[in-house]
Amino acid sequence: MKNILIKFGLFTVIYLLFSWLIAGDFICALGGDPICLQNVAVRYIIFIILMIAYETVVKKKMFKK
């Protein structure tokens with residue numbers, strides 16, 4: 001359980017860094033705009049779903065031992 005929390009914490013940090021550096025929505029969301037906040041939240045959910053898919057499917061198929 002601890003490894004999962006650390007892993008998703010790292011995913012969250014990576015998402016926040018990429019969002020801050022690349023997308024303007026993150027800075028807009030910090031300003032309180034509800035549309036920007038919704039965009040950031042939806043992108044975060046999509047990012048986490050893709051990371052779960054990577055961990056469960058892609059990683060096991062790519063790096064078979």
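The figures here come from the full heavy-atom set of this structure, side chains too, leaving out hydrogens, waters and symmetry mates.
A distance of 11.5 Å separates CZ of Phe8 from CD1 of Ile14, quoted to the nearest 0.5 Å. We find the CG-CZ distance between Leu16 and Phe47 to be 9.5 Å, quoted to the nearest 0.5 Å. Annotation: the span from Tyr15 atom OH to Ile48 atom CD1 amounts to 9.5 Å, rounded to 0.5 Å.
Residue Leu17 is not grouped with residue Leu10 when hydrophobic side chains (ILVMFWY) are merged at heavy-atom distances under 4.5 angstrom, including chains of intermediate members. Residues Leu50 and Phe11 fall into different hydrophobic clusters, defined by Ile, Leu, Val, Met, Phe, Trp and Tyr side chains chained together at heavy-atom separations under 4.5 Å.
The list of side chain to side chain donor-acceptor pair (under 3.5 Å) pairs with a residue in residues 4-14, not counting sequence neighbours, reads Lys7-Glu55, Thr12-Tyr44.
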